[in-house]
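In each ligand, atom 1 is the first atom listed, and ligand 1 is the first ligand listed.
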Amino acid sequence: MYSALDGQACADHDRSKGEGVGVQEYTGIKLELEDKLACLAPWEGKKIFLVAATLRPETMFGQTNCYILPKGKYGLYEMKNGDLFVMSARAAKNCAYQELTPVDREYPCLAEILGSEFIGKRVKAPLSSYGTVFILPMTSIKMTKGTGIVTSVPSDSPDDFAMLRDLQNDAKLRAELKVDEAWVKDFKPVPIIDIEGMGDLCAEHACNEFKVKTHKDEKKLLEAKDKCYQLGFTKGVMKVGPVGMKVEAAKVQIKQEMIAAGLAVNYYEPEKQVVSRTGDDCIVALCDQWLNDYGEESWKNAVKAHVKSDNFETYNPKTKHEFVAILDWLKEWGCSRTTGLGTKVPWDDQFVIESLSDSTIYMAYYTIAGLLQGPDNLDGKKVGPSGIPAEAMSIEAFNYIFLDAPYDASI
Ligand code: ZZB
């Protein structure tokens with residue numbers, strides 16, 4: 001998690017919003033634009049892709065159309081390999097910090113395009129049985145999530161199913177949103193995943209179960225979506241592509257294959273909004289960072305055994321449970337940053353130790369600071385009550401105090 005304004009990683013306690021928010025990994029599906037747009041004429045002959053962020057790469061076999069926000073502001077951005085991507089400026093910024101653009105951290109917008117300009121145009125939908133699909137409007141798209149472009153899989157996504165069904169059946173809505181019947185009529189949901197108890201069109205099944213009437217039934221759609229996500233992941237079995245494979249495994253395989261074939265890219269962003277204390281909307285950036293490997297088995301087990309032992313007491317048993325739960329998921333923890341107050345990382349002094357990690361060190365120092373410094377001597381310029389000068393505090397001295405190392409009077 002990174003603040004471009006601060007020019008450094010934005011750790012939990014550097015945030016005014018979004019404590020505990022992690023990174024969401026998406027697959028950016030490259031939908032190649034097949035039709036021409038007057039405003040894109042200067043780039044004729046180049047490949048232009050609408051990029052849709054998805055959590056379900058294994059469902060790409062069932063794409064029937066692409067959705068865009070008519071009032072949404074999109075931009076055209078060049079990528080490292082010469083591809084031109086259509087996406088929100090926010091997504092382009094994340095890409096620029098993930099080594100996708102020609103110049104790191106730069107994402108000049110080549111052209112601004114309103115979502116409505118794309119409606120009715122065609123894109124190639126990779127892996128789908130329809131091959132070419134239409135771009136349709138969807139008013140519930142959030143510009144603050146993914147790329148602002150969604151690829152539609154009405155067999156497995158209740159939102160997509162409800163919208164497509166309304167566009168197919170409601171002439172008034174089509175007129176209102178300026179959608180031609182021909183763009184939706186022949187695009188039926190394609191059965192691609194079998195789920196025990198839900199059949200092979202789970203979105204339709206869930207929309208019936210939760211009585212979703214229209215694409216505007218926000219609450220019911222959320223329930224239907226949760227059910228499809230959950231059962232799709234745990235019980236789904238592929239009917240196309242890697243037939244018989246569990247969704248859980250197919251997700252990883254299809255993603256890798258699509259990226260290797262140049263049909264998709266990895267795309268990351270904060271899973272919810274993260275704002276730094278300096279007021280910057282944070283992004284996800286690839287950057288050098290020292291990590292504490294708290295997930296390392298022997299470390300983890302030693303700490304866990306201690307937390308569970310009688311030597312470790314908490315006032316409230318809930319706290320103890322939380323410690324154990326966190327030890328279970330905690331893996332790498334970023335422990336360095338480039339600016340701000342802190343102790344220099346001993347082996348790499350371009351970084352300081354991130355303040356939360358640093359605070360585990362200075363807490364230890366506090367146990368002896370009273371002797372080495374004493375009151376009214378914060379900068380340690382004077383020798384404290386123990387009479388020990390700073391120069392005498394060698395590594396051996398610290399090891400003697402904190403690690404029970406032998407006392408060596410000769411040092
Ligand atoms: C294809 C797909 C197939 C999706 C499926 C879901 C499902 P979330 O956060 O839980 O909603 N999406 C992506 N960007 C946006 C946006 N800007 N506004 C609205 N919706 C967006 O999950 C992210 C999913 O929401 C993405 O994955 C995308 O739709 C959509 F079979 O891509 B998905 C049960 C869901 N099934």
* Asked: Can a donor-acceptor pair be found between the side chains of Tyr267 and Glu269 at a distance below 3.5 Å?
  -> yes
* Against heavy atoms of Thr151, which atoms of ligand 1 measure under 4.0 Å? -> 1 (C)
* To do: Answer yes or no: does an N/O atom from Lys225 fall short of 3.5 Å to an N/O atom of ligand 1?
  => yes
* Asked: Among protein heavy atoms, which sits nearest to atom 14 (N) of ligand 1, and what does the distance come to when rounded to 0.1 Å?
  -> Val150 CG2, 3.8 Å
* Would you call the rings of Tyr97 and Tyr2 parallel, tilted or perpendicular, where under 30° means parallel and over 60° means perpendicular? -> tilted
* Asked: What's the shortest distance from atom 31 (F) of ligand 1 to any protein heavy atom, and which residue and atom give it?
  -> Asp156 CB, 3.1 Å
* Output yes when Arg56 and Glu58 qualify as a salt bridge under the 4.0 Å nitrogen-oxygen rule, no when they do not. => yes
* Asked: So is Lys142 polar-close to ligand 1, meaning N/O to N/O under 3.5 Å?
  -> yes
* Looking at Glu112 and Lys73, does any basic side-chain N land under 4.0 Å from a carboxylate oxygen? -> no
* Could you tell me whether the side chains of Asp156 and Thr59 share a donor-acceptor contact shorter than 3.5 Å? => no
* Please determine if Asp170 and Arg165 form a salt bridge, counting it only when a charged side-chain N lies under 4.0 Å from a carboxylate O. => no
* Please write down residue, atom name and distance for the protein heavy atom closest to atom 3 (C) of ligand 1. => Thr59 OG1, 3.3 Å
* Just need the protein heavy atom nearest to atom 6 (C) of ligand 1, so name the residue and atom and give the distance. => Arg56 CG, 3.7 Å
* **Under 4.0 Å to a heavy atom of Cys228 - the qualifying atoms of ligand 1, by number** => 34 (C)
* Structure fact -> atom 22 (O) of ligand 1 has as its nearest protein heavy atom Tyr229 OH, 2.6 Å
* Heavy atoms only: which of Ala91, Ser152, Ala53, Gly236 is nearest to atom 26 (C) of ligand 1? -> Ala53
* What class does the angle between the rings of Phe398 and Phe402 fall in, given that below 30° is parallel, 30 to 60° is tilted and above 60° is perpendicular? -> parallel
* To do: Could you see which bit of Thr54 sits under 4.0 Å from ligand 1, with heavy atoms only: side chain, backbone, both or neither?
  => both
* To do: Considering the heavy atoms of Val153, write down every atom of ligand 1 situated less than 4.0 Å from one of them.
  => 3 (C)
* Asked: Among protein heavy atoms, which sits nearest to atom 8 (P) of ligand 1, and what does the distance come to when rounded to 0.1 Å?
  -> Lys145 NZ, 3.1 Å
* **Geometric cation-pi criterion Lys30 and Phe49, 6.0 Å radius, 45° cone** => yes
* So, Glu19 versus His13: side-chain donor-acceptor pair below 3.5 Å or not? -> no
* **Residue part near ligand 1, for Ser157, under 4.0 Å between non-hydrogen atoms** => both
Please tabulate, for side-chain N and O atoms in residues 223-234, each donor-acceptor pair with protein atoms closer than 3.5 Å (sequence neighbours left out).
residue : atom : partner : partner atom : Å
Lys227  : NZ   : Glu209  : OE1          : 2.9
Lys227  : NZ   : Glu209  : OE2          : 3.1
Thr234  : OG1  : Gln230  : O            : 2.9

* Asked: Which bit of Leu55 gets closer than 4.0 Å to ligand 1, counting heavy atoms only: side chain, backbone, both or neither?
  -> both
